[in-house]
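Below: the structure, in C-alpha cells.
All heavy atoms count here, side chains included; hydrogens, waters and symmetry mates do not. Remember, it's 1-based here, ligands and their atoms both numbered in the order they're listed.
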Amino acid sequence: MKTLRECIKEAEEKHVAIGHFNISNLEALHGIYNAAKKLNLPVIIGVSEGEEKFAGLEEVATLVKTLREKDSYPIFLNADHHASFESVKACIDEGFDMVIIDNAKLSFEENAKVTKQCVDYAREISKNTGRDILVEAELGFIGSGSVIRDEIPEGAGVLTKPEDAKKFVEMTGIDLFAPSVGSIHGLIKTGKPHIDALLVAEIKKATGIPLVLHGGSGLRNEDFTNAIKAGVSIVHINSEIRLAYREALEQALKDNPSEITPAKILQPAVDAIEKVVEARLKLFNGIN
Ligand code: G3H
Ligand code: ZN
C-alpha cells in the first residue's frame, strides 16, 4: 500500500488532487470512505481541534488506522488547523499521518518558529518510529470555521506573496504548504471569490512543494480544476459535508416522526455525505 507521501507525489505527477474531508462522527467517516472506495482513490480524513474533541482523539486515530489495516486501503488521518505545538504533538503521538500547524494569525516570524518546532518534532518521531509524518503550514488569510456566512469576511482579499511563501518554506522545512489564493473557509451566501490560478502556479514554482487548497466548499468547478492544474495536490472540503449531513438528518426526522432506530434515521445522512464526496473526488480526479 502506498504511503501518504507517495499518494501526494502521484497526484502531483498526474495533475489531480487528493480529497481531504472533515469528520466529527462515524456517519461522516462511513460516507467519505464509501465514496473513496467506490472510486478506488486515496483519501484524507481531517479533524479540527473541535471535531477531534467531539469525536475523541484516540477514537478517531483508532478508527482510521483500523480501516487502513483491515482493508489495506490508503486512507489517512490529518490534524486539521491545530493552533499550538502541544495540540500538534498530541496528534503525532496518537499516530496521525499528517498535521497542520495553523499559526497564520501570528507574525511571519512567530508562525515560522512554531511551525519549525512542529517539523522538528515530526522528523524526530518519524526517525524513531519508521513512520513518515507530514507537516503542513499556512501563510495568509484563509478564514476560519466551516460555517455558513452571509458574505465574504474582511481580510479575504489579502493573498500570499510567492516570495514570502518561498522564504517560509525554506525557514521551516514543511512538506505541504497552504497559501491564501482566493478561497476562504465556509459556505458564503453571496458566492466565493475566484481562485487566482496564476498565483497558485507562481507559489508552486517558488516553493517547489505540494500545495493544499483550503475552503473548498462552494467553489466553482472551474476554480477547482484551474487550481489543480496550477499545482494544488490536496483539496479540503468540510462545510458541504456538514450541510449534507444536517439536511439529510432533518429530512429523515421529518419523514419518519416516530422512528427511533439510529441506523434508520442516520443512513440517509451517510448516503448524502457519500454523494457529496463522490462528486468532489470525481472532479478532483478528472473522472466523468
Ligand atoms: O480545513 C478545512 C477546510 O479548509 C474546509 O473548508 O468548509 O470551505 O470546505 P470548507
Ligand atoms: Zn482549512
Side-chain angles (χ1 to χ4, degrees), residues 17-24 28-29 31-32 35 43-55 60 76-83 87-88 91 96-105 111 115 134-153 155-156 158-160 174 176-195 200 210-221 223-224 227-228 232-247 272-273 275-281 283-284:
I18 300 173
H20 172 293
F21 306 97
N22 290 68
I23 65 161
S24 303
L29 180 61
I32 295 162
V43 70
I44 304 172
I45 300 297
V47 279
S48 66
E49 289 183 350
E51 288 162 342
E52 178 186 299
K53 198 167 163 213
F54 179 75
V60 169
F76 304 100
L77 182 59
N78 176 41
D80 197 19
H81 296 289
H82 278 47
S87 63
V88 160
C91 293
F96 280 46
D97 304 291
M98 69 173 282
V99 291
I100 302 181
I101 175 70
D102 178 353
N103 274 175
K105 283 196 195 99
N111 185 0
T115 300
L134 306 187
V135 181
E136 176 184 328
E138 58 184 82
L139 199 59
F141 182 87
I142 52 178
S144 62
S146 289
V147 296
I148 297 178
R149 298 175 195 284
D150 288 331
E151 51 194 31
I152 296 169
V158 185
L159 307 184
T160 305
I174 47 173
L176 301 147
F177 182 61
S180 167
V181 287
S183 190
I184 31 182
H185 289 141
L187 281 162
I188 300 168
K189 287 183 185 162
T190 52
K192 274 197 167 171
H194 281 287
I195 296 293
V200 173
L211 302 183
V212 181
L213 179 67
H214 284 255
S217 292
L219 278 179
R220 298 160 192 85
N221 284 1
D223 280 314
F224 283 119
I228 293 167
V232 160
S233 303
I234 297 176
V235 179
H236 280 229
I237 301 279
N238 191 0
S239 304
E240 289 179 1
I241 292 172
R242 291 180 171 189
L243 181 64
Y245 179 83
R246 183 184 169 120
E247 285 180 347
I273 291 171
K275 221 169 133 195
V276 166
V277 173
E278 185 181 345
R280 286 311 187 201
L281 285 176
L283 183 69
F284 302 163

What orientation do Phe284 and Phe21 show, parallel under 30°, tilted 30 to 60°, or perpendicular over 60°?
parallel
Taking atom CZ of Arg246 as the centre, report whether more than 12 heavy atoms of other residues, nucleotides or ligands fall under 6.0 Å from it.
no
Can you list the ligand 1 atoms lying under 4.0 Å from a non-hydrogen atom of Lys192?
8 (O)
Give the atom numbers and elements of ligand 1 that come within less than 4.0 Å of a heavy atom of Ser146.
5 (C), 6 (O), 7 (O), 10 (P)
Closest heavy-atom pair, Gly216 versus Ile237, reported as atoms and distance to 0.1 Å, is C-CD1, 3.7 Å
His20 N/O to ligand 1 N/O under 3.5 Å:
no
Among protein heavy atoms, which lies nearest atom 8 (O) of ligand 1, and at what distance?
Gly186 N, 2.9 Å
Among the N, O or S atoms of His81, the one nearest the Zn ion (ligand 2)
NE2
Check ligand 1 against His185 and write out every atom of the ligand that is under 4.0 Å from a heavy-atom position of the residue.
1 (O), 2 (C), 3 (C), 4 (O), 5 (C), 6 (O), 8 (O)
Got the closest protein heavy atom to atom 6 (O) of ligand 1, with its distance?
Gly215 CA, 3.2 Å
How is the N/O/S atom of His185 that comes nearest to the Zn ion (ligand 2) named?
NE2
For ligand 1, is there an atom lying under 4.0 Å from some heavy atom of Glu240?
no
If you look at every heavy atom in Val212 and Pro179, which pair is closest and at what distance?
O-CD, 3.5 Å
Verify, without hydrogens or angle tests, whether Arg280 (side chain) and Gly19 (backbone) share a donor-acceptor contact under 3.5 angstrom.
no
Using a strict 4.0 Å cut-off to heavy atoms of Asp80, name the atoms of ligand 1 that fall inside it.
1 (O), 2 (C)
Which atom names give the shortest non-hydrogen contact between Asp223 and Pro193, and what distance separates them?
OD2-O, 4.4 Å
How are the rings of His20 and His236 set relative to one another: parallel (under 30°), tilted (30 to 60°) or perpendicular (over 60°)?
parallel
Say whether Gly46 and ligand 1 are in contact under the criterion: heavy-atom distance to a ligand atom below 4.0 Å.
no
Which of the ligand 1 atoms, numbered from 1, are nearer than 4.0 Å to a heavy atom of Ile237:
9 (O)
Minimum-distance protein heavy atom relative to atom 10 (P) of ligand 1
Ser217 OG, 3.5 Å
Just which atoms of ligand 1 are under 4.0 Å from any heavy atom in His214?
1 (O), 4 (O)
Strictly by modelled atom types, are Asp80 and Asn22 linked by a side-chain donor-acceptor pair under 3.5 Å?
yes
Using modelled atom types and a 3.5 Å cut-off, is there a donor and acceptor pairing between side-chain atoms of Asn103 and backbone atoms of Ala83?
yes
Looking at Glu247 and Arg242, is any side-chain nitrogen of the basic one under 4.0 Å from a carboxylate oxygen of the acidic one?
no
By atom name, which N, O or S atom of His214 is the nearest to the Zn ion (ligand 2)?
ND1
